[in-house]
Structures are given as C-alpha cells and as structure tokens.
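Taking it in order: structure first as structure tokens, then the write-up.
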Number of protein chains: 2
Amino acid sequence: MALSAEKLTNNQQTVLDLLEKSKEPLKAYAILYDTQKKGITAPPQVYRALDKLIEIGKVHKIESRNSYIACTHKNCNSSTNTAFLICETCDHVSELTQKNLPSYFAKQSEQADFKYAKHNLEIYGVCKDCTK
Amino acid sequence: MALSAEKLTNNQQTVLDLLEKSKEPLKAYAILYDTQKKGITAPPQVYRALDKLIEIGKVHKIESRNSYIACTHKNCNSSTNTAFLICETCDHVSELTQKNLPSYFAKQSEQADFKYAKHNLEIYGVCKDCTK
DNA sequence: TAAAAAGTGTTATAATATAACATATCAAAT
DNA sequence: ATTTGATATGTTATATTATAACACTTTTTA
C-alpha cells in the first residue's frame with residue numbers, strides 16, 4: 001500500500017485534523033492541550049502520532065521552532081525534502097514548492113564529496129501580507 | 001567595532017575554545033559538563049555564551065540536532081546564512097561553503113512573494129569517509 | 001567619573017521529548 | 001478462522017533542552 005494512502009489510526013487522525021485546520025504551525029504541547037477531548041491525554045500519544053505523520057509525509061517539523069505543520073501538497077508522501085518560508089513578522093509559515101531543490105542540493109553536495117540524501121531548508125524573511 | 005573582531009569574555013572564550021577543538025557538534029549540556037573546571041557551572045552560563053557566539057557568527061546551531069558547532073569560515077561574522085552537510089552514518093557535520101545560496105534562495109522566495117532575509121539549510125546524506 | 005550597557009553567578013522552573021511496560025488492536029497468511 | 005507478528009495504546013515516570021528572574025559586577029562610552 002502506498003504510504004500516502006495509508007489508513008490512519010484514531011490518534012493520528014485526530015492530530016492530523018487539528019494541524020490541517022490550523023492556520024499556523026502548532027507545538028506538541030499545544031496539540032496535546034487541544035486534543036484532550038478526543039482522548040489524547042499524555043505527551044507520548046502526541047509524539048507517536050506526529051512521528052507517524054511525519055514518516056508518511058503528512059506533517060513536517062519546523063526544526064528551528066519546534067513546531068509542526070500539516071503538509072500542503074497533494075498526496076505528499078515524502079518526509080525527506082522540506083523547505084519553508086517563515087515570516088519573521090507574523091510567524092506565518094508556508095511550504096516552498098520547488099521541484100528542483102533536491103537536484104540542486106545534490107549537485108552542491110557532490111562538490112564537497114558528499115552523497116545527498118535529503119534536506120530541510122528554513123528560509124526567514126517577510127511574507128506577502130506583511131510587506132504591504 | 002566589527003562584530004568579528006569583538007573581544008570575548010571569559011565564558012564566551014571558554015565555550016568557543018571547546019567547540020573549536022571539538023571534531024563534532026556539541027550539545028549544550030555536554031558543553032556545560034566539559035567546562036566545569038573553567039568555572040561554568042550552570043546552564044544559563046552556557047546558553048548566554050552560545051547566544052553571543054551565535055550572534056557574532058562564531059558558532060552555529062544545528063537545529064535538527066540541538067547541537068552547536070564552531071564556524072569554520074575565516075572571519076565569519078554572519079549568523080544569518082547557514083548550510084550544513086550532516087552525515088547520517090557517522091554524524092560528522094561540515095559547513096557547506098556556497099556564496100551564491102542567498103541569492104538563489106532570494107530568487108526562489110521572490111517567486112512566492114516572500115522577501116528573503118536569511119536561511120538555514122540542513123542536508124543529510126553520507127560523507128566522503130563513509131562512502132569508502 | 002557617572003551612566004548605560006553587557007555580562008555574571010545562582011536558584012528555580014519551563015518547555016520539549018523519550019523510556020519503559022503491560023495491554024490491545026490490526027494485518028496477513030497459513 | 002486462528003495464530004502470529006507488527007503496530008498502536010494508555011500510563012507513569014523521567015530525561016533533555018532552554019529560559020525566567022534577581023542581585024550583583026564589569027566594561028564601555030559619553
């Protein structure tokens with residue numbers, strides 16, 4: 001079965017639903033707080049669900065913020081290539097959709113005798129709304 | 001006074017010395033442990049030194065590993081553009097020296113109506129030594 | 001040399017994440 | 001249909017990473 005079609009468990013679906021309806025990345029303990037009513041009562045339940053969702057590419061972690069965001073790409077099943085635009089003014093985060101980043105980075109890596117496998121890119125700046 | 005020429009305090013120098021002689025990135029509490037003899041006895045002392053060193057570009061944080069590494073560039077005085085090659089086999093980390101990454105990312109960002117300011121790139125793969 | 005800015009030492013605590021374990025559920029393959 | 005192996009669950013406890021707060025000291029600069 002393809003990863004992207006994988007059936008989610010209750011906890012996984014609960015966490016994914018919350019992230020998908022959120023306008024912004026959420027922190028693990030915010031997710032915990034917001035899912036108490038759905039039966040998620042302890043940190044491991046959140047982290048396990050996140051681990052699985054990240055593994056199948058439905059969720060990404062913003063490393064520099066310790067926060068988690070639902071993937072905006074259709075049928076994304078990759079957890080290996082991530083690139084974000086993070087607004088320093090309003091904290092909005094969007095995914096940078098750039099098909100050729102992996103090959104670009106692979107080329108750069110090769111020049112340093114390094115075999116590229118995956119990447120995480122976090123770009124900071126000012127988003128469209130905040131430049132107005 | 002230029003940032004890169006800034007005079008460091010005792011604690012800052014102690015932490016920088018340790019990182020510079022380390023072959024690998026260090027975690028904050030490892031730094032704390034290794035600098036006890038030098039009078040650093042509590043976490044805030046480490047984090048303050050790191051904050052300053054990061055600010056002046058002498059040290060970078062590997063976000064996805066919560067670890068810190070001395071900058072390998074001569075007279076680096078920037079904390080705004082970082083790119084690392086992280087070996088998944090041996091955990092060795094090296095900085096990717098690529099002058100044109102900022103302009104490349106600025107261009108990519110522009111296409112998403114995003115005003116680029118700085119970036120952090122973490123590439124995972126296999127280093128030269130580990131491919132042998 | 002006074003004032004402002006930056007750093008220090010210290011205690012306490014916040015925020016983020018995982019270990020461990022007994023039990024439960026699910027998938028698949030005989 | 002039933003065993004089996006893999007995966008998930010609920011729970012308690014704890015590990016790891018990082019900051020708040022405060023009184024005091026040192027350094028810089030006007």
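Note that the coordinates shown come from a computational prediction; the quantities given were computed from them, not determined experimentally. Letters go in sequence order (proteins before strands), and every chain restarts at 1.
A/Gln45 has a side-chain polar atom (N or O) that falls below the 4.0 Å cut-off from OP1 or OP2 of D/dG10. Phosphate contact (OP1/OP2 of D/dA18, side-chain N/O of B/Tyr68, threshold under 4.0 Å): present. Phosphate proximity of C/dT8 to B/Thr9: present, with a side-chain N or O under 4.0 Å from OP1 or OP2. When the side-chain nitrogen and oxygen atoms of A/Lys52 are compared with OP1 and OP2 of D/dT9, none of them lie within a distance under 4.0 Å. Neither OP1 nor OP2 of C/dG9 sits under 4.0 Å from any side-chain N or O of B/Thr41.
If you measure from atom CG of B/Asn10 to atom P of C/dA6, you get 19 Å, rounded to the nearest angstrom. Nucleotide D/dA18 holds its P atom 11 Å from the NZ atom of A/Lys27, rounded to whole Å. Remark: P of D/dT7 and NZ of A/Lys7 are 16 Å apart, rounded to the nearest angstrom. Whole-Å rounding puts the B/Gln12 CD to D/dT27 C1' distance at 12 Å. The nearest whole Å value for the distance from the CZ atom in B/Arg48 to the C1' atom in C/dA5 is 15 Å. Between the CD1 atom of A/Ile40 and the P atom of D/dA8 there is a distance of 14 Å, given to the nearest Å. Rounded to whole Å, the distance from CG on B/Asn66 to P on C/dT16 is 11 Å. Computed from coordinates, the B/Leu50 CG to D/dT19 P distance equals 10 Å when rounded to whole Å.
The pair B/Asp91-B/Arg65 counts as a salt bridge, with a side-chain nitrogen and a carboxylate oxygen less than 4.0 angstrom apart.
Atom CD in A/Gln13 sits 5.0 Å away from atom CG in A/Leu8 (nearest 0.5 Å).
Applying the 3.5 Å distance criterion, the base of D/dA18 shares a donor-acceptor pair with the side chain of B/Tyr29.
Both A/Phe84 and A/Tyr124 belong to a single network of hydrophobic side chains, linked directly or stepwise wherever heavy atoms of I, L, V, M, F, W or Y lie under 4.5 Å apart.
Contact check for A/Cys90 versus A/Cys127: side-chain heavy atoms found under the 4.5 Å cut-off. Inter-residue side-chain proximity for A/Asn11 and A/Arg48 is flagged as unmet; no heavy-atom pair is nearer than 4.5 Å.
Residue A/Tyr47 places its side chain closer to C/dT18 than to any other of D/dG10, D/dA8, C/dT18.
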